[in-house]
Amino acid sequence: MVATDRIALRRQVMRKVAVRLSPFLILLYFINYLDRTNISFAAPHGMNEALGFSKAGFGLASGLFFIGYLVLEVPSNLALHRFGARRWLARIMVSWGVVASAMAFVPNAGTMYLLRFVLGVAEAGFFPGIILYLTFWFPKRERAKAVAFFMLAVPLSSMIGSPLSGWLISIGHDVLFGLSGWRFMFLVEGLPAIVVGVACWFYLTDRPSQARWLAADERDWLQREMDAEHERTGQRYHVPLRRALRHPRVLALAFVYFGIVYGLYAVGFFLPTIIAGFQDTFHTSYTVFQQGLIVAVPYAFGCVAMVLWARHGDRTGERVWHVAIPAVVGGVAIPVALYLQSPFTTMIAVTVCTMGICAALPTFWPLPTMFLTGAAAAGGIALVNSLGNLAGFAGPYVTGWLTDATGTEKAGLWVVGGFMVAAGVVAVALRAAPAPDDAGAD
């Protein structure tokens, strides 16, 4: 096959793969992220009062999800590697949908704590499983863009989900079973996970060799391409699963991800509360739905930043600075937001921070797969994600605790900025990939 024919075949195959997989994976993550963060909208609109949550108590309820995540993240991702994405993702989604809907009926704070933990257990392995799944279908040179399209669900779930959550709360009082608005929201937003979980069983394909929606020559080319790439990575770095789970570089990457995720969830969980507080700070008055629309604005800009920055990373082949620059810029922007003198300028700073977070997230994930493959990639990616997502526990809890202790969000958001800047610095110190001898060393 001549070079021009190979290029045409590659473009044709990758276009088919992207069209088949990306929209469905975005939908899965949209529902996933909405279900884990919609508690942020419930908090200032009845839940905290009904369950007796302080700011720290709300932060604990938000963050306990990630403790459940940590407990089963690595074994769940190894199970996906063994049993296939179609079966395992269907199991994850149905179980999390049941738990997410059950949150509508919590009688007290203790039950909410328990269900948030169980939700994390149910969802464990979802995100790293998708990241691993993408390595089966997208070569390294196109992976950041593929991850970016998948992770568009993060800003989209806030951009679309925030007004949706606000609307459901505003219209849901006494619509079903005498539930209040925030309980109605939990019930309605948990059900789609069950539906798409069933669809997942029939729609997803585990490996290119099994893709009946590709022509025979397309299947063969893509499977050979991915097998050859995984073999080259394995031969160059020789990182088995046991070493991947304790490799210093994997742990350092987990810290980088921790810093980025710390910003993501601290902002995500507390932004609705901050905007609701504009009424006291700036003497404004917004309905619940209007507050949802305001929350959506930073994430709309984040969508654009995420895709354009990831495309630039794939086009240039540079990875480190594409993580470090947005992390540092976002880290500097977020504490500044609370020193500004109007809702408009405050939201500009929040938007800059959100764009930085959204740009750093997809450009981070090609870094672990530059030296991990196979079961080591499954375990290493899951470990990075589980340790990094401890920020999902620490960010909301520490931010809430500092808010209770100081009476202002400023201290908590300075900590957010510090972790994000530190993540950028460590990313630069690590470089893109280790030397082969370093990667295989104990």
Side-chain angles (χ1 to χ4, degrees), residues 17-40 65-66 68-69 73 76-77 80 85-86 88-97 99-100 119-120 122-138 143-162 164-165 189-201 203-204 257 260-261 264-265 267-269 296 299-300 302-307 310 354 357-366 381-382 384-386 388-389 391-392:
V17 170
V19 169
R20 171 80 181 191
L21 297 182
S22 292
F24 189 72
L25 296 179
I26 290 172
L27 175 63
L28 301 190
Y29 197 26
F30 176 94
I31 297 169
N32 171 277
Y33 194 80
L34 182 63
D35 282 347
R36 72 169 69 167
T37 59
N38 57 9
I39 191 174
S40 67
F65 165 90
F66 298 96
Y69 225 61
E73 189 85 319
S76 182
N77 214 36
L80 183 144
R86 181 175 65 90
W88 202 246
L89 289 175
R91 192 283 305 164
I92 288 173
M93 295 179 65
V94 171
S95 60
W96 103 49
V99 178
L119 185 66
E123 292 191 26
F126 172 80
F127 179 83
I130 298 294
I131 297 297
L132 178 66
Y133 185 62
L134 292 174
T135 69
F136 301 156
W137 293 91
F138 291 90
R143 201 164 293 160
K145 182 172 64 177
V147 173
F149 277 115
F150 165 60
M151 295 193 74
L152 269 177
V154 173
L156 281 175
S157 67
S158 296
M159 185 177 74
I160 300 172
S162 294
L164 174 63
S165 296
E189 292 186 349
L191 295 177
I194 301 173
V195 175
V196 295
V198 174
C200 191
W201 180 275
Y203 187 82
L204 286 182
Y257 194 55
I260 299 169
V261 171
L264 174 68
Y265 285 113
V267 173
F269 281 122
Y299 293 100
C303 286
V304 177
M306 179 177 279
V307 173
T354 305
I357 294 167
C358 290
L361 284 170
T363 53
F364 168 82
W365 281 110
I381 289 170
V384 168
N385 189 63
S386 60
N389 268 295

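Side chains are part of it too, since the values below use all heavy atoms of this structure and drop only hydrogens, waters and symmetry mates.
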With sequence neighbours left out, what residues match [X] under side chain to side chain contact (heavy atoms under 4.5 Å, CB included)?
{"X": "Val307", "value": "Phe149, Leu152, Arg311"}
{"X": "Arg143", "value": "Thr135, Lys140, Val147, Met226, Glu229, Thr369"}
{"X": "Ala146", "value": "Phe138"}
{"X": "Ile160", "value": "Phe30, Leu156"}

How long is the gap from [atom1] on [X] to [atom2] on [Y], to the nearest 0.5 Å?
{"X": "Tyr133", "Y": "Arg86", "atom1": "OH", "atom2": "CZ", "result": "10.0 Å"}
{"X": "Leu21", "Y": "Phe136", "atom1": "CG", "atom2": "CZ", "result": "12.5 Å"}
{"X": "Leu28", "Y": "Leu204", "atom1": "CG", "atom2": "CG", "result": "6.5 Å"}
{"X": "Asn32", "Y": "Phe126", "atom1": "CG", "atom2": "CZ", "result": "4.5 Å"}
{"X": "Leu264", "Y": "Cys358", "atom1": "CG", "atom2": "SG", "result": "7.5 Å"}
{"X": "Leu25", "Y": "Cys200", "atom1": "CG", "atom2": "SG", "result": "8.5 Å"}

Backbone of Asn385 reached by a side-chain donor or acceptor of Asn389 within 3.5 Å
yes
Could you report the tightest heavy-atom contact between [X] and [Y], atom names first, then the distance?
{"X": "Ala193", "Y": "Asp35", "result": "CB-OD2, 4.1 Å"}
{"X": "Ala18", "Y": "Pro23", "result": "O-CD, 3.4 Å"}
{"X": "Ala360", "Y": "Ile260", "result": "CB-CD1, 3.9 Å"}
{"X": "Val384", "Y": "Tyr257", "result": "O-CD2, 3.9 Å"}
{"X": "Pro155", "Y": "Met306", "result": "CD-CE, 3.9 Å"}

Considering only heavy atoms from C-beta outward, does the side chain of Leu89 approach that of Ile130 to under 4.5 Å?
yes
Ile357 versus Val154: any side-chain heavy-atom pair under 4.5 Å?
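The answer is no, as the side chains (C-beta and beyond) never meet within the 4.5 Å cut-off.
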With Arg20, which residues qualify under salt bridge (charged side-chain N to carboxylate O under 4.0 Å, His left out), at least two apart?
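None.
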Taking salt bridge (Lys or Arg N to Asp or Glu O under 4.0 Å) as the cut-off, I'd like each qualifying pair that reaches into residues 150-161, sequence neighbours left out, listed once.
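Matches after skipping sequence neighbours: none remain.
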Salt bridge (Lys or Arg N to Asp or Glu O under 4.0 Å) contacts in which one or both residues fall within residues 123-137, not counting sequence neighbours
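Counting only pairs at least two positions apart or across chains, the salt bridge (Lys or Arg N to Asp or Glu O under 4.0 Å) contacts touching residues 123-137 are Arg36-Glu123.
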Kindly write out the residues that satisfy side chain to side chain donor-acceptor pair (under 3.5 Å) with Ser22, not counting sequence neighbours, or none if the list is empty.
none
Go through the structure and list residues passing side chain to side chain donor-acceptor pair (under 3.5 Å) with Ser165, not counting sequence neighbours.
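Result, side chain to side chain donor-acceptor pair (under 3.5 Å) vs Ser165: Glu189.
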Among all residues two or more places apart in sequence or in another chain, which pass the ring-ring contact (aromatic ring centres under 6.0 Å, His included) test with Tyr33?
Tyr265
With Phe127 via ring-ring contact (aromatic ring centres under 6.0 Å, His included) - residues at least two apart
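Checked Phe127 against ring-ring contact (aromatic ring centres under 6.0 Å, His included); matches are Tyr29, Phe150, Trp365.
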